[in-house]
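One structure is given here, and the rest of the page talks about it.
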Amino acid sequence: MTSDKRRIFPDYIPPPPYREKHGRVVDDEEGNMSAWPPGEPSPAFPSPPYPGGPNLSKVQYPRDVSGPRYQCPECHHQFLFHRLMGIVVCPFCQQTVTVGKFNKKRSTMYLIVGLLLLVASAIVMTAYFIWFPKEPYILISVLLIAVSGFAGLIKSAHLRNQYPDALRVE
């Protein structure tokens, strides 16, 4: 292969052997470093850190850490969360739970919007039969408004049952 490179590139010179920062040389035949015992991780290529910070799965949080603490309803471990409302993944069991009244507020909003859309579709349907009986295209808008209202009601019921609520620990 080097003869092909020299034939195509006459000025080709192979690179020097690889040296690390500490001056260790890679063995040419095996490609192994000779400076550490086999079976141990290479000091030249350390493993990357845990992506979410240090792994604290076996560590109990101390009492003096500031911020609200919550208890997971699935594994009953306590974890910290920096906001008072939201959806969070438990760092211990990886279960998605809600913190605070986030889930209840969101599902109540969908319930109110769904009911308002159903009332609006009933009003438009009544107006259609009273004032516009000859215009059938209004029925399409009534149908779309009613379907959106039912979708809001279904989303509200789904949010109420989708995530369990984490309990705040004082």
Side-chain angles (χ1 to χ4, degrees), residues 1 4-5 8-9 18 21 31 39-170:
M1 182 168 188
D4 292 338
K5 285 184 179 178
I8 296 171
F9 304 107
Y18 175 72
K21 295 178 184 176
E40 292 188 13
S42 167
F45 307 107
S47 60
Y50 185 70
N55 188 359
L56 299 175
S57 61
K58 304 291 184 198
V59 176
Q60 294 291 329
Y61 289 108
R63 285 272 185 204
D64 58 348
V65 175
S66 63
R69 290 183 305 147
Y70 295 94
Q71 182 177 8
C72 177
E74 300 294 324
C75 66
H76 304 291
H77 283 95
Q78 294 179 7
F79 60 92
L80 297 173
F81 189 58
H82 61 281
R83 285 186 263 156
L84 298 176
M85 290 186 347
I87 295 177
V88 65
V89 175
C90 175
F92 302 104
C93 65
Q94 307 302 317
Q95 176 75 23
T96 304
V97 296
T98 59
V99 169
K101 297 180 180 178
F102 176 80
N103 211 12
K104 291 177 183 171
K105 285 185 178 182
R106 182 69 56 97
S107 72
T108 304
M109 182 198 65
Y110 276 113
L111 179 70
I112 290 171
V113 167
L115 288 175
L116 285 176
L117 287 173
L118 286 177
V119 168
S121 70
I123 291 172
V124 172
M125 180 71 100
T126 306
Y128 166 73
F129 283 121
I130 293 174
W131 293 302
F132 309 109
K134 304 261 188 222
E135 317 229 356
Y137 59 86
I138 294 177
L139 288 177
I140 296 172
S141 62
V142 169
L143 180 68
L144 290 175
I145 293 171
V147 166
S148 332
F150 282 121
L153 293 178
I154 291 170
K155 180 72 174 177
S156 171
H158 177 68
L159 277 178
R160 287 276 177 170
N161 300 325
Q162 185 176 14
Y163 302 118
D165 292 332
L167 303 172
R168 185 166 180 174
V169 179
E170 297 298 327

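All figures in this text were calculated on a predicted structure; none of them were measured in a lab.
Residues passing the side chain to side chain contact (heavy atoms under 4.5 Å, CB included) test with I123 are V119, sequence neighbours excluded. Contacts of L153 classified as side chain to side chain contact (heavy atoms under 4.5 Å, CB included), with partners at least two apart in sequence or in another chain: L111, L115, L118, F150. Checked against side chain to side chain donor-acceptor pair (under 3.5 Å), S121 has no partners two or more places apart in sequence or in another chain.
Nearest approach of H77 to F92, heavy atoms of both residues: CB-CD1, 3.3 Å. L117 and G149 get closest at one heavy-atom pair: CB-CA, 3.7 Å. Between F79 and C72, the shortest heavy-atom distance links the atoms CE2-N, 3.9 Å.
The stretch residues 137-156 participates, sequence neighbours left out, in these side-chain hydrogen bond (donor to acceptor under 3.5 Å, both in side chains) pairs: E135-Y137.
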In a table with atom names and distances, give each donor-acceptor pair under 3.5 Å that connects a side chain of residues 157-164 to protein atoms at least two apart or in another chain.
from, atom 1, to, atom 2, distance (Å)
H158, NE2, Q162, OE1, 3.4
R160, NE, S107, OG, 2.8
R160, NH2, T108, OG1, 3.2
N161, ND2, A157, O, 3.3

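Within the model, atoms CG of L139 and CG of L143 stand 8.5 Å from one another, a figure rounded to the nearest 0.5 Å. Atom OH in Y70 sits 11.0 Å away from atom CG in D165 (nearest 0.5 Å).
Tested against I87 for a side chain to side chain contact (heavy atoms under 4.5 Å, CB included), the candidates T98, V97, V99 yield a single pass: T98.
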